[in-house]
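The block underneath contains the structure these notes are about, expressed in structure tokens.
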Amino acid sequence: MALVARKHPTPHVYANGHAEVRAILDRVKAESRDSLTAPEGRLVCDAYGIPVPKEAVATSAEAAVQAAEEMGFPVVLKIVSPDILHKTEAGGVIVGVSSAQAVADGYKTILANAKRYKADARIDGVQIQQMLKGGTEVIIGAVTDGSFGKLVAFGLGGILVEALKDITFRLAPATREDALSMLDGIQAAEMLKGVRGSEPVDRAALVDVIVKVSQLVTDFPEISELDLNPVFASARGATAADVRIVMDFSEKPKSQTRSQDEIVAGMNRIMRPETVAVIGASAEDGKIGNSVMKNLISGGYKGTIYPIHPKADTILGLKAYRSVRDVPGPIDVAVFAIPAQFVAAALTECGEKGVAGAVLIPSGFAETGNEAGQQEIQEIGRRYNIRLMGPNIYGFYYMAKNLCATFCTPFDVQGQAALSSQSGGIGMAIIGFSRSTKMGVSAIVGLGNKSDIDEDDLLAFFEQDDSTKVIAQHCEDLKDGRSFAEVARRVSKKKPVIVLKAGRTSAGAKAASSHTGALAGNDKIYEDVFKQCGVIRARSLRQLLEFARGVPVLPTPKGENVVIITGAGGSGVLLSDAVVDNGLSLMTMPEDLDAAFRKFIPPFGAAGNPVDITGGEPPVTYKNTIRLGLEDERIHALILGYWHTIITPPMVFAKNVVDVRDEMRAKGIEKPIVASLAGDVQVEEASQYLYDHGIPSYPYSTELPVEVLGAKYRWARGAGLL
């Protein structure tokens, strides 16, 4: 038969379309194809209720004319061939065909072009499709990421998707809320709302297509790529003009998963051990095994320490054992301080002993190209159910147990921030910053090559760790991005999760790869998945550390209205820029509140927002304006910009701010306050005083305080607290 026409079922059919799609995909697999033809793609869309134009497949010029006349001109002609995926490149697409003669001529032209492009291509006919008119062209699709798995994508469509790359991703299956956030998550979001007199698109229709595409690729994981491009979005709906579906039927290795209870139980034995063995313990200064022993002892760890050494009888006053098998009691965790070539044998002995975890300090594994050596220890770990931290790490600190299981400098400043790093150098920076700023930590953990334990294992542990209030992680890759996302989505509802993802740029990704042997993923995907899961993303090491320090200090805001109070107009401008850069909302000042502020500032000052009290004002002006900002329920957060003057010296300013804050706190009023201090070196002491009293403050910077406030807001929004 020359003409094959199809009926178009109503959208509710997609719920029952699983069997129809399965039959299509099974046929494609049986024919050893890796893509669907356009008509097959449209059958899949029909089955899931994704709107497509009227169309038919013709196998003769006469049938093509008949189909075009039945659906009405103009039409689009497209080659149908399982061997030609990119139809435009093959000259297999003609648009705007508006007469019967043009359809007949176009039919012949497309066949000739296809034969020239690929002489042995199987030609199933020419698709005659109703040409859509008007609307905004967008793309809705799906990709399979090596770390995150199935992702749904949305952005500007047609040729613009390649030129502008204005696209956003979410984990599939996506919720309707996820889909709505995608519409607002592209740079061209305003185009969808209607600009210069154009109609806004039907947002509900776009959301519906995004959700259905995400469900389709979730239901059928063998769909590796799917493009609906363009989708014509208008005020009357959204219709996919072209469908491209690529398959991957290869068998995927099944990841070995543990339940959250199993993960937490294992991590508790490692992070909170009653007994620690040091394999490679040494009495000789300068040896890693000596530093680990000294840190465990001098750090104040109260559990039992077992030095393991093949010849020594005692080490640093403790009885030594030839092997972990000789230790009389159970061992929770073993810290390895021996060369890489001896690790596998010692790890096997740990398995026979029933040791729960191994902290693998030695380098010389995958990071140096020794993939086989790393695979060997991974297999031993799986065989004996030993959790492996590392290899190629500095160890870890867990302050609630006074545990310094590391060869790095000892550390004893307790706090509420748990930090981890994939890099040893970053770990040392965490130690130094924590000590310098008196931030303190609940834990510092090195992950190194991540042969087993990775970021999501730490999230699961710190989620239930009462000594931890914020979790900050540096990573160069995520071994299992989907697992991380699932855990982070849950944990971030309870505690802020901050991540510094290295390798954002192509140069950075190359550096990350050469250092760890791991590939840095597509940064746009990381950006969007972090946002979807409520993760706060740090852009620099300094941001990671400052967020870890400041976010848990700030009270949670109750609304979006931010007010700036400053003693210098220049600071006010820079602080306003930072507010916009960090996604905060500078409150539009109501007339009555504007008048209330004006009562406290000189006539040449400026109310509005920022409130500029000018630099020559006494301490009482700062106190009155800050008190008003805290008292008024319409204001939800304050940013203070201080300018060093002899009338209000830095420490006077700092103490007055704390006094007003405490006065309001006694009345049950508490709001986030951050401060930027400009002046001579005395502002450093004043900033530290403010920070010591729970007000994140920074000398010489208008950016950092607002970035910290912005991070707190991002967490509160993601956790559903705003």
Side-chain angles (χ1 to χ4, degrees), residues 50-51 132-143 151-171 174-214 227-242 504 522-532 534 536-537 539 559-562 573 575-589 609 636 706-707 710-711 713-714 716-718 722:
I50 297 168
L132 300 174
K133 301 175 185 177
T136 300
E137 291 187 28
V138 300
I139 182 173
I140 297 173
V143 295
L151 298 145
V152 64
F154 172 79
L156 284 185
I159 62 171
L160 291 177
V161 67
E162 304 237 353
L164 302 180
K165 295 180 172 58
D166 188 10
I167 196 162
T168 187
F169 299 90
R170 296 294 184 275
L171 292 170
T175 65
R176 300 192 73 81
E177 290 73 22
D178 291 332
L180 277 170
S181 74
M182 296 177 81
L183 302 189
D184 295 326
I186 60 172
Q187 296 176 26
E190 292 302 313
M191 289 180 61
L192 305 179
K193 299 174 183 178
V195 292
R196 296 192 176 183
S198 64
E199 289 184 313
V201 304
D202 184 342
R203 291 170 66 87
L206 281 176
V207 165
D208 193 53
V209 175
I210 291 170
V211 170
K212 288 174 178 175
V213 166
S214 80
D227 278 349
L228 306 179
N229 183 32
V231 174
F232 285 91
S234 70
R236 292 161 296 284
T239 304
D242 194 44
R504 288 189 293 115
N522 180 320
D523 191 66
K524 179 58 177 170
I525 291 174
Y526 274 92
E527 179 79 15
D528 291 342
V529 172
F530 284 168
K531 185 181 300 182
Q532 184 181 9
I536 303 166
R537 186 169 190 185
R539 298 288 174 181
E560 297 282 357
N561 290 335
V562 176
V573 173
L575 290 168
S576 298
D577 288 343
V579 164
V580 174
D581 290 343
N582 287 277
L584 298 173
S585 177
L586 203 59
M587 179 184 180
T588 301
M589 196 71 75
N609 193 8
H636 303 122
V706 185
E707 288 170 359
Y713 263 94
R714 291 205 298 279
R717 293 185 195 116
L722 279 175

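All of these numbers come straight from a predicted model, not from anything done at the bench.
Looking at residues two or more places apart in sequence or on another chain, you find no side chain to side chain donor-acceptor pair (under 3.5 Å) involving Asn609. Asp242 is linked by a side chain to side chain donor-acceptor pair (under 3.5 Å) to Lys78, counting only residues two or more places apart in sequence or in another chain. Listed by chain and residue number, Leu151, Phe169 satisfy the side-chain contact (heavy atoms from CB on, under 4.5 Å) test with Val143 (two or more places apart in sequence, or in another chain). Every residue two or more places apart in sequence or in another chain that forms a side-chain contact (heavy atoms from CB on, under 4.5 Å) with Arg203 is listed here: Leu180, Leu183, Asp184, Lys193, Val201. Contacts of Ser181 classified as side chain to side chain donor-acceptor pair (under 3.5 Å), with partners at least two apart in sequence or in another chain: Arg170. Contacts of Arg176 classified as side chain to side chain donor-acceptor pair (under 3.5 Å), with partners at least two apart in sequence or in another chain: none.
Taken from CD1 in Ile50 to CD1 in Ile210, the straight-line distance is 11.0 Å, to the nearest 0.5 Å. How far CG of Asp577 is from CG of Leu586: 10.5 Å, rounded to the nearest 0.5 Å. A distance of 9.5 Å separates CG of Asp202 from CG of Asp208, quoted to the nearest 0.5 Å. For the atom pair Ile536 CD1 and Glu707 CD, the distance stands at 12.5 Å (nearest 0.5 Å). In this structure, Asp166 CG and Gln187 CD are separated by 4.5 Å, a value rounded to the nearest 0.5 Å. The distance from the CD1 atom of Ile139 to the CD1 atom of Ile167 is 5.0 Å, given to the nearest 0.5 Å.
Considering every non-hydrogen atom in both Gly135 and Ser234, the closest pair reads CA-CB, 4.1 Å. When all heavy atoms of Ala179 and Val207 are compared, the pair lying nearest together is CB-CG1, 3.8 Å. The nearest pair of heavy atoms linking Asn229 to Val138 is OD1-O, 4.0 Å. A pairwise comparison of heavy atoms in Val209 and Pro51 identifies CG2-CD, 4.0 Å as the closest pair. Ala238 and Val231 get closest at one heavy-atom pair: CB-CG1, 4.0 Å. Nearest heavy-atom pair across Thr168 and Met182 is O-CE, 3.4 Å.
Residues His636 and Met587 are not in side-chain contact: their nearest non-hydrogen atoms beyond the backbone lie 4.5 Å or more apart. The closest side-chain heavy-atom distance from Phe530 to Arg714 is not below 4.5 Å. Leu206 places a side-chain heavy atom less than 4.5 Å from the side chain of Ile140.
Checked by atom type and distance alone, the side chain of Asp178 pairs as donor or acceptor with a backbone atom of Thr175 at under 3.5 Å.
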